[in-house]
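In each ligand, atom 1 is the first atom listed, and ligand 1 is the first ligand listed. Heavy-atom basis, side chains included; hydrogens, waters and symmetry copies ignored. By convention here, the first residue in the shown sequence is residue 1.
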Amino acid sequence: MTSKTPLRIRVRRMDYDMSGLRRYWYKDNAWITHFLNALSTTFPDGERFFIHSVRHFESQIQDPLLREQIRAFIGQEANHGKEHEAFNQALIDQHGLPLENKLKFMKGALAWAKKKWSPREQLAMTAGFEHFTAILANLLLEREEVIADIAGVYSDMFLWHAVEETEHKAVAFDVYQAVDGDYWLRVRSMALATFFFLLVTLRMQHSLLKHDGKLGDWRAALGFAKFMLVKPGFLTRIIPQYLDYYRPDFHPWQHDNRHLIAGHVRTLASHELRPAEAAAATAAGAAAAA
Ligand SMILES: [Fe+2]
Ligand SMILES: [Fe+2]
């Protein structure tokens, strides 16, 4: 089987300055900010789980292009984990957000998943989660107001993550198709991934809002409902692409959105580390994920 990813995946080692983080960094809205903080809390260990599940099958892949893409996927995800780790730490240090127990929960839950699920089940879950991140990334790139509404340098960080999630969106899927390809396991895993994704992020958001005494902030709650359902429609707009995953002949690049990332690559360059620093940092990140 040959890889169907139509572009070269580039590993960029970034270094974002996490100082001066606004408490409600998305439009001063506590509900939306804490929803996105909850997402960020799931990223470092989630992305290490993705690396682990893809790396397990690397030696079974014959296609040289897909092997190259697996290395790039691992490099990109390791770097995402590192930057989101720094971002999560900034939320703890600068705003005293109680993220430690949530990060510990993620570590425990994924350690449990590694023991409980077979490698093929873990890979199928990863392919599902990767489609999820890809369609959210597509929304961020398509609706430019989402990135524009993020305060400070964090808009660049989320843009970088969205570009790279797009670049490598088919890697886990292609590995799954090459080593297994069972349709029912793929769609069952996606349904399960959706359930976990909603349960964990909404529970974390609720807990953070409770901590800040913002559960009763109805103006922010209405803003969140608008954000999810209407503009940009963080939930509603992704539904058609989400459902496409359940088609037997689905492939992530049937949603060809290369044009959305081409223009952003130059913006990313200003935060990139020099090649020698990047190589050292990437190797350290990938080793930590092993
Ligand atoms: Fe990522
Ligand atoms: Fe990813």
Using the rule side-chain hydrogen bond (donor to acceptor under 3.5 Å, both in side chains), only one of Gln122, Arg120, Glu121 pairs with Ser118; which is it? Glu121
By ring pair (Phe, Tyr, Trp, His ring centres under 6.0 Å), His161 pairs with (sequence neighbours left out) Phe43, His80, His84
Would you say the side-chain atoms of Asp182 and Tyr176 include a donor-acceptor pair closer than 3.5 Å? no
For the ring pair Tyr154 and Trp160, is the centre-to-centre distance below 6.0 Å? no
Protein N, O or S atoms lying under 2.8 Å from the Fe ion (ligand 1), listed by chain and number: Glu47 OE2, Glu77 OE1, His80 ND1, His161 NE2, Glu165 OE2
Report the residue from Ile238, Thr133, Leu260 that forms a side-chain contact (heavy atoms from CB on, under 4.5 Å) with Asn138. Leu260
Please verify the inter-ring angle class for Tyr245 with Phe173; under 30° counts as parallel, over 60° as perpendicular, anything in between as tilted. perpendicular
In Glu130, which N, O or S atom comes closest to the Fe ion (ligand 2)? OE2
